[in-house]
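Take a look at the structure below.
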2 protein chains.
Amino acid sequence: MSKVRRATMTDVAREVGVTAKTVSRVVNDDGPVAAETRERVLQAMRKLGFQPNLMARNMRVGARDSTVGLVIPDMGNPFFGTVAGGFESAVRARGLTLIVGSSEEAADRERSLISTFLARRVAALIVVPSADSDHRHLRDERAAGLPLIFLDRPAAGLRADCVVSSNREGARAGVAHLIGHGHRRIAFVGDLPALYTRKERLLGYRDALAEAGIAFDRSLVETGHDHEAAAAAVARLLGARDPATAIFAANNFAATGVILGLARLGRTDVAVVGFDDLPLAEVLRPALTVVAQDPAAIGQAAAKLVMARLDGERSRAQTVVVPTRLIPRGSGELPPPRRPAEPEHHPR
Amino acid sequence: MSKVRRATMTDVAREVGVTAKTVSRVVNDDGPVAAETRERVLQAMRKLGFQPNLMARNMRVGARDSTVGLVIPDMGNPFFGTVAGGFESAVRARGLTLIVGSSEEAADRERSLISTFLARRVAALIVVPSADSDHRHLRDERAAGLPLIFLDRPAAGLRADCVVSSNREGARAGVAHLIGHGHRRIAFVGDLPALYTRKERLLGYRDALAEAGIAFDRSLVETGHDHEAAAAAVARLLGARDPATAIFAANNFAATGVILGLARLGRTDVAVVGFDDLPLAEVLRPALTVVAQDPAAIGQAAAKLVMARLDGERSRAQTVVVPTRLIPRGSGELPPPRRPAEPEHHPR
DNA sequence: TTGTATGCGTTATCAT
DNA sequence: ATGATAACGCATACAA
């Protein structure tokens, strides 16, 4: 059995005894139509189950599709899901549809998705860059007026609009919070060193230390890009001479791993602040203090940029920084042990 | 500054001194082209930055877009995100692009999204129905051969393909697990009563009780559609005469709320099994035993159905049930208290 | 108020 | 091996 042909404007027009153009007028509320004609057209539309073909319309009208392409590293990650949701609800009123693809953090997947989206003539392109991608090939698109926005991490080799969390300031605030509660041996457990977010957050960590006059100690910086790696880092950090009394976990994998590592060691006395909120943060004991990002706001900011660009705003590339917010819940307010095993230095 | 016109096949053809059709042949590897001509066309394509217009191609070729429309209730929910990811990676090789919209659990949003997708002439439509929607209006589409698949919950008023978790059997297994560890007072905390998944899981709960010869007790069934409601339910269940010694939390909001409620009461002796896994399940103390769903497999199953339908499979609507898996982690293996406060019945 | 001619960018069909 | 022409479904510009 073959696919039934769908009714077109011409079909509707023939049914009524008018021209396609008249049907078009009815459909788009464009130009004058006699009330009676309009009624007959509407009836015929219902009878034939007519639905306008958006592809044909867009092609005729603008050579630009009414879709926005979004490339994210992982659809299962609620952070990006919420970003996408925030974006979608902000552009919906404008009739834009979201096309999403997942790059799986692979530069070549990202590139192929971008090609697909460009081939569809998306009205705008939004990319969360994967680790080692390069975006110089998008220069012409941007020059041609395609709204092009990078999320969470900036573009590589290209000046373009960008929306990021206040990584540095957020991390600074989180670490300052720990310092304010008396800690001076504060560990940093973060992403792979190459990642933009890790670098920014590490800068914020160092800012906070510097403000408090605490010397930076390389041995307190660990990498935990997954649960197990972070848990292992915790064991090292706490097993060292002059161990950490507090841990700043610079992303939510790290935070989860840190919590897991502490639980395995049976330690409930180590202060923890995480970057990025977790759904179960308040259920943990102690509840997890975090520097929360606002993924929905990131999506909305991107939407605002996209719509401004679509409206012809030609200003130079701008970077929007979305604020983070410290949420104290318990784990970040634990004090350091009374007398840390701080070996008194006895000069002889 | 106006948008720069993009190069078309005709532009490329003129540049080389051939016809658009020849360029088309090169682009699609269709029909014979002289090696030299082909080379010159490729060069011109690069020079002009030509990218084929998928909209025009799809319109000409099939009147079917190479996209699949997916309607989910909430993009920020990792369950649906992972479903979408599983689907996308399974259809990618076939050149299908995913279009996603979020219904926010509202029937009218769902309907308007479906209209948009149909207007785009999606190649297939996948819907996670919101609570009170009706799908009879899709009958004609389905009859016309549009692959139409419902996820997580069945369609309302329409026989169509459907992919669901093994809700009933999964719940049965989870509750049987608790029974196997000695519990007989097992509470059920679930969604709003109207929801399909709640009903199915409640059936499974009753199946397990029946198997073990335990009478169903209405007072042990509670509704917790958000954290606080579930936490409050826990207080009621444990405060009652003859209180529950174990809780089956029938979705992850309920599970989170139950954990929160127990923590607030300082209770660590109540066994808990959750339906649907949580990212932090193993970090909790005790780690949370769950009946895990497999969202990626659900997405893949949907993809398989879609592709079979696109390949002309005309069999009647089928329902695919994706198995769940019990993951014991600690909370579900807690024994009931030695002598439950079971008032001995002394006949006088 | 309605119709006609034309074109968007591509491919199908039939020629050459 | 390549070209000419028409057509996909719709909207623009203008005419009637």
Side-chain angles (χ1 to χ4, degrees), chain A residues 2-42 44-45 48-66 95 116 118-123 144, chain B residues 2-42 44-45 48-66 95 118-123:
Chain A
S2 73
K3 228 153 252 187
V4 178
R5 208 178 67 85
R6 296 199 59 107
T8 72
M9 278 196 177
T10 317
D11 298 328
V12 176
R14 188 173 27 233
E15 176 82 14
V16 181
V18 294
T19 325
K21 181 60 217 175
T22 304
V23 179
S24 166
R25 284 197 255 261
V26 172
V27 170
N28 300 311
D29 255 339
D30 179 41
V33 178
E36 193 223 318
T37 314
R38 155 188 224 77
E39 203 40 59
R40 281 165 52 216
V41 167
L42 288 173
M45 280 171 50
L48 299 181
F50 169 77
Q51 278 179 313
N53 185 325
L54 255 192
M55 280 195 301
R57 169 174 225 288
N58 285 328
M59 195 173 99
R60 177 68 243 244
V61 136
R64 278 276 148 218
D65 198 359
S66 58
T116 306
L118 292 177
R120 302 198 72 82
R121 300 294 187 268
V122 289
Chain B
S2 72
K3 227 152 252 186
V4 177
R5 211 177 64 83
R6 295 198 59 107
T8 72
M9 276 195 176
T10 318
D11 298 330
V12 176
R14 189 174 26 234
E15 175 84 13
V16 181
V18 294
T19 326
K21 181 62 208 176
T22 303
V23 178
S24 168
R25 284 197 255 259
V26 172
V27 170
N28 300 310
D29 256 338
D30 178 41
V33 178
E36 195 222 319
T37 314
R38 152 186 226 79
E39 203 41 59
R40 281 165 53 216
V41 167
L42 287 172
M45 280 172 50
L48 299 180
F50 168 78
Q51 277 180 312
N53 186 325
L54 254 193
M55 279 196 300
R57 164 170 231 285
N58 285 328
M59 193 175 103
R60 177 66 243 237
V61 133
R64 277 277 148 220
D65 198 359
S66 56
L118 292 177
R120 299 200 76 82
R121 301 292 188 270
V122 290

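The chains referred to below are lettered A, B, ... by the order of the sequence lines, with proteins before strands, and numbering in each begins at 1.
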**Request:** Find out whether A:R120 and B:S66 are in side-chain contact, i.e. whether some heavy atom of one side chain is under 4.5 Å from a heavy atom of the other.
**Result:** yes
Atom [atom1] of [X] and atom [atom2] of [Y]: how far apart are they, to the nearest 0.5 Å?
X	Y	atom1	atom2	value
B:T37	B:L42	OG1	CG	10.5 Å
B:N53	B:R6	CG	CZ	8.5 Å
B:K21	B:M9	NZ	CE	8.0 Å

Could you state the [atom1]-[atom2] distance from [X] to [N], rounded to the nearest angstrom?
X	N	atom1	atom2	result
A:M45	D:dC10	CE	P	10 Å
B:R6	C:dG9	CZ	C1'	13 Å
A:E36	C:dT1	CD	P	13 Å
A:R120	C:dG9	CZ	C1'	15 Å
A:M55	D:dC8	CE	C1'	9 Å
A:R40	C:dT2	CZ	C1'	12 Å
A:M59	C:dG7	CE	C1'	9 Å
B:N58	C:dT11	CG	C1'	12 Å

**Complete:** Within residues 10-20 of chain A, those residues having any heavy atom closer than 4.0 Å to DNA chain D are none
Under 3.5 Å, which donor-acceptor pairs do the side chains of residues 10-20 of chain A form with other protein atoms, sequence neighbours left out?
unit_1, atom_1, unit_2, atom_2, d
A:D11, OD1, A:R5, NH2, 3.1
A:D11, OD1, A:R14, NH2, 2.7
A:D11, OD2, A:R5, NH2, 2.9
A:D11, OD2, A:T8, N, 2.8
A:D11, OD2, A:T8, OG1, 3.4
A:E15, OE2, A:K47, NZ, 2.6

**Item:** Angle by which the axis turns from one end of the helix from C:dT1-D:dA16 to C:dT16-D:dA1 to the other, five pairs per end, to 10 degrees
**Value:** 40°
Solution key, residues 22-30 of chain B side-chain donor-acceptor pairs under 3.5 Å, sequence neighbours excluded:
unit_1, atom_1, unit_2, atom_2, d
B:N28, ND2, B:S24, O, 3.2
B:D29, OD1, B:R38, NH2, 3.0

Just the table, please: protein N/O against nucleotides 11-14 of chain D N/O, every pair under 3.5 Å.
unit_1, atom_1, unit_2, atom_2, d
D:dA11, OP1, A:N28, ND2, 2.9
D:dA11, OP1, A:R57, NE, 2.8
D:dA11, OP2, A:S24, OG, 2.8
D:dA11, OP2, A:N28, ND2, 3.3
D:dA11, N3, A:R60, NH1, 2.5

**Message:** So if I take every side-chain heavy atom of A:P32 and compare against C:dT10, D:dG9, C:dT2, which nucleotide ends up nearest?
**Reply:** C:dT2
**Complete:** Heavy atoms of A:Q51 and B:R121 approach each other most closely as O-NH2, 2.6 Å
**Item:** Side-chain N or O of B:T37 closer than 4.0 Å to phosphate OP1/OP2 of D:dT2
**Value:** yes
